[in-house]
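Presented below is the structure to which this report refers.
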There are 2 protein chains.
Amino acid sequence: MNSELLLREHDLKVTPQRLGILSLMKIRGHVDVEELFSEMKKQFSSISLATLYKNVNAMLEKHLITEIKAPNFKAKYEIVKEPHIHLLCKECDEFVDLDLDLESLISDASKKSNYQLKESCVVLSGLCKKCQTK
Amino acid sequence: MNSELLLREHDLKVTPQRLGILSLMKIRGHVDVEELFSEMKKQFSSISLATLYKNVNAMLEKHLITEIKAPNFKAKYEIVKEPHIHLLCKECDEFVDLDLDLESLISDASKKSNYQLKESCVVLSGLCKKCQTK
DNA sequence: TTATTAAAGGATAATAATTATCCTTTAAGC
DNA sequence: GCTTAAAGGATAATTATTATCCTTTAATAA
């Protein structure tokens with residue numbers, strides 16, 4: 001979906017800065033605040049860090065993006081999509097999405113715990129293919 | 001295992017403060033830095049926050065404890081145990097462990113990605129039993 | 001279009017969280 | 001009991017995040 005519509009559907013005003021943020025997330029998949037800042041400065045030389053924090057928080061509140069956190073890892077942000085998991089390489093810091101069915105995990109967890117589960121944050125870490133042979 | 005041995009086996013000196021930290025983790029299951037500080041002050045009235053950070057970091061490095069992170073959640077620490085997942089209630093903030101077999105998830109992820117996976121950080125969130133009926 | 005207005009942006013101050021420093025105290029091994 | 005390297009405590013420094021305040025701009029309706 002185009003970013004303008006994405007913003008409108010989440011009750012967020014369309015601004016060039018916000019379009020830039022979303023565009024970057026689409027290209028990169030996930031970004032952290034630091035990356036966001038250094039990349040955005042290329043397009044918006046006078047952008048303020050505060051603007052980024054404010055926008056990231058606004059987008060989180062409206063559920064347009066989600067936050068991914070894990071040990072030894074700077075929080076990253078991505079546009080909301082189907083439930084999936086994340087893989088982190090401890091050697092080269094590669095970080096990728098993996099579309100994997102979480103249904104059985106979630107239903108098992110629900111049965112065992114009686115929790116009604118809505119969201120998941122799954123990060124598995126180890127070595128990517130390249131780093132295994134080094 | 002008793003805490004003294006646990007420390008020794010991880011090449012950490014045994015100190016009263018460290019024993020206190022581990023004892024608290026055993027009782028509570030997981031603690032965040034703030035809880036740790038307020039509870040520890042009951043036993044060690046002059047303990048410094050720096051001591052807690054230093055010890056938490058030392059224990060993390062030696063893999064005696066692990067860190068759990070998730071969105072809208074203050075990082076918590078727990079003594080290393082068998083792989084398991086965590087459930088978070090968004091209503092009352094209850095946070096619990098759940099022993100669930102992660103083997104199939106991890107092997108599926110490995111196959112699909114060619115990653116060699118070692119660690120997992122899984123937090124599922126929703127409503128605990130009590131909060132579902134409120 | 002243009003005028004109006006609430007919200008967004010930018011600069012920067014304030015706050016919170018974490019780490020570093022420095023000196024004192026203590027655990028571990030002889 | 002000594003010795004010594006490491007740990008603890010106090011606090012300064014750093015980093016990350018949020019708040020504030022004023023200026024600018026996107027959205028809307030005349």
Side-chain angles (χ1 to χ4, degrees), chain A residues 2-24 30-62 64-77, chain B residues 2-24 30-62 64-77:
Chain A
N2 83 75
S3 299
E4 213 170 302
L5 196 53
L6 212 49
L7 287 168
R8 291 228 172 79
E9 286 192 346
H10 290 85
D11 298 310
L12 291 166
K13 269 193 186 177
V14 177
T15 68
Q17 291 85 345
R18 285 175 177 175
L19 292 173
I21 292 172
L22 292 177
S23 148
L24 211 58
H30 346 71
V31 292
D32 62 38
V33 173
E34 203 177 309
E35 281 170 54
L36 206 50
F37 191 45
S38 62
E39 289 301 311
M40 290 289 289
K41 271 195 292 198
K42 295 178 184 169
Q43 278 186 72
F44 305 89
S45 57
S46 71
I47 197 168
S48 161
L49 246 187
T51 299
L52 295 180
Y53 277 106
K54 281 186 279 190
N55 280 324
V56 164
N57 287 333
M59 291 177 187
L60 284 171
E61 265 176 36
K62 301 288 188 178
L64 167 49
I65 64 175
T66 54
E67 191 179 33
I68 312 151
K69 288 171 153 187
N72 311 309
F73 182 76
K74 281 195 69 172
K76 287 188 193 288
Y77 302 91
Chain B
N2 84 75
S3 300
E4 215 171 301
L5 196 52
L6 212 49
L7 287 167
R8 290 227 175 79
E9 287 191 346
H10 290 84
D11 298 308
L12 291 166
K13 268 195 186 175
V14 177
T15 69
Q17 291 85 345
R18 286 175 176 175
L19 293 173
I21 291 171
L22 291 177
S23 147
L24 211 57
H30 346 70
V31 292
D32 61 37
V33 174
E34 202 178 310
E35 280 169 52
L36 205 50
F37 190 44
S38 62
E39 288 301 311
M40 290 290 287
K41 272 195 292 197
K42 294 179 186 171
Q43 278 185 73
F44 303 90
S45 55
S46 71
I47 197 168
S48 161
L49 245 187
T51 299
L52 295 180
Y53 278 107
K54 281 186 279 192
N55 280 325
V56 164
N57 288 332
M59 291 178 188
L60 284 172
E61 266 176 35
K62 301 290 188 177
L64 167 48
I65 65 175
T66 55
E67 190 179 33
I68 312 151
K69 287 170 152 189
N72 310 310
F73 182 76
K74 281 195 69 171
K76 287 188 194 286
Y77 303 91

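In what follows, every chain begins at residue 1, and chains take the letters A, B, ... in the order their sequences are listed.
Here dA27(C) is the nucleotide among dG9(C), dA27(C), dT12(C) with the atom lying nearest to any side-chain atom of T15(B). In the set dG9(C), dG8(D), dG10(C), dG10(C) carries the atom at the smallest distance from any side-chain atom of S48(A).
Among the heavy atoms of the strands lying under 4.0 Å from V14(B) are primed sugar atoms or P, OP1, OP2 only; no base atom is included. Among the atoms of the strands shown, base atoms are found under 4.0 Å from some heavy atom of T51(B).
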Nucleotides 18-25 of chain D: which of its N/O atoms have a protein N/O under 3.5 Å away?
residue	atom	partner	partner atom	Å
dT18(D)	OP2	N57(A)	ND2	3.2

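The side chain of N55(A) places an N or O atom within less than 4.0 Å of a non-bridging phosphate oxygen (OP1 or OP2) of dG9(C). When the side-chain nitrogen and oxygen atoms of Q17(B) are compared with OP1 and OP2 of dG9(D), one or more of them lie within a distance under 4.0 Å.
Here the P atom of nucleotide dG9(D) and the CZ atom of F44(B) are 8 Å apart, to the nearest Å. Atom CG of L5(B) is separated from atom P of dA28(C) by 13 Å (rounded to the nearest Å). Across the protein-nucleic acid pair, K74(A) atom NZ and dA17(C) atom C1' stand 14 Å apart, rounded to whole Å. Counting to the nearest Å, the P atom of dA16(D) and the NZ atom of K76(A) are 14 Å from each other. Rounded to an integer number of Å, the gap from I47(B) CD1 to dT11(D) P is 16 Å. The distance between atom CG of L19(A) and atom C1' of dA27(D), rounded to the nearest whole Å, is 15 Å. Atom CG in N72(A) sits roughly 14 Å away from atom P in dT18(C) (whole-Å rounding). Between L52(A) atom CG and dT17(D) atom P the separation is 12 Å, expressed in whole Å.
Enclosure of atom CD in E34(A) is not indicated, since only 12 or fewer non-hydrogen atoms of other residues, nucleotides or ligands lie within 6.0 angstrom. Around CG of N57(A), the count of heavy atoms belonging to other residues, nucleotides or ligands within 6.0 Å exceeds 12.
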Taking distance alone, no hydrogens or angles, what donor-acceptor pairs closer than 3.5 Å link side-chain atoms of residues 4-19 of chain B to residues at least two apart or in another chain?
residue	atom	partner	partner atom	Å
E4(B)	OE2	R8(B)	NH1	3.4
E4(B)	OE2	R8(B)	NH2	3.4
H10(B)	ND1	L6(B)	O	2.8
T15(B)	OG1	R18(B)	N	3.1
R18(B)	NE	N55(B)	OD1	2.7
R18(B)	NH1	K13(B)	O	2.9
R18(B)	NH2	N55(B)	OD1	3.2

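Side-chain N or O atoms of K69(B) include none that pairs as donor or acceptor with a backbone N or O of A75(A) at under 3.5 Å.
Along DNA chain D, the nucleotide closest to A75(A) and the one closest to L12(B) are compared, and the more 5′ of them pairs with L12(B).
When every heavy atom of L49(A) is checked against every heavy atom of F37(A), the shortest pair comes out as N-CE1, 3.7 Å. Between L36(B) and L24(B) the shortest heavy-atom distance is CD1-CD2, 3.7 Å.
The residues K76(A) and E35(A) are annotated as salt-bridged, a charged nitrogen and a carboxylate oxygen being separated by less than 4.0 angstrom.
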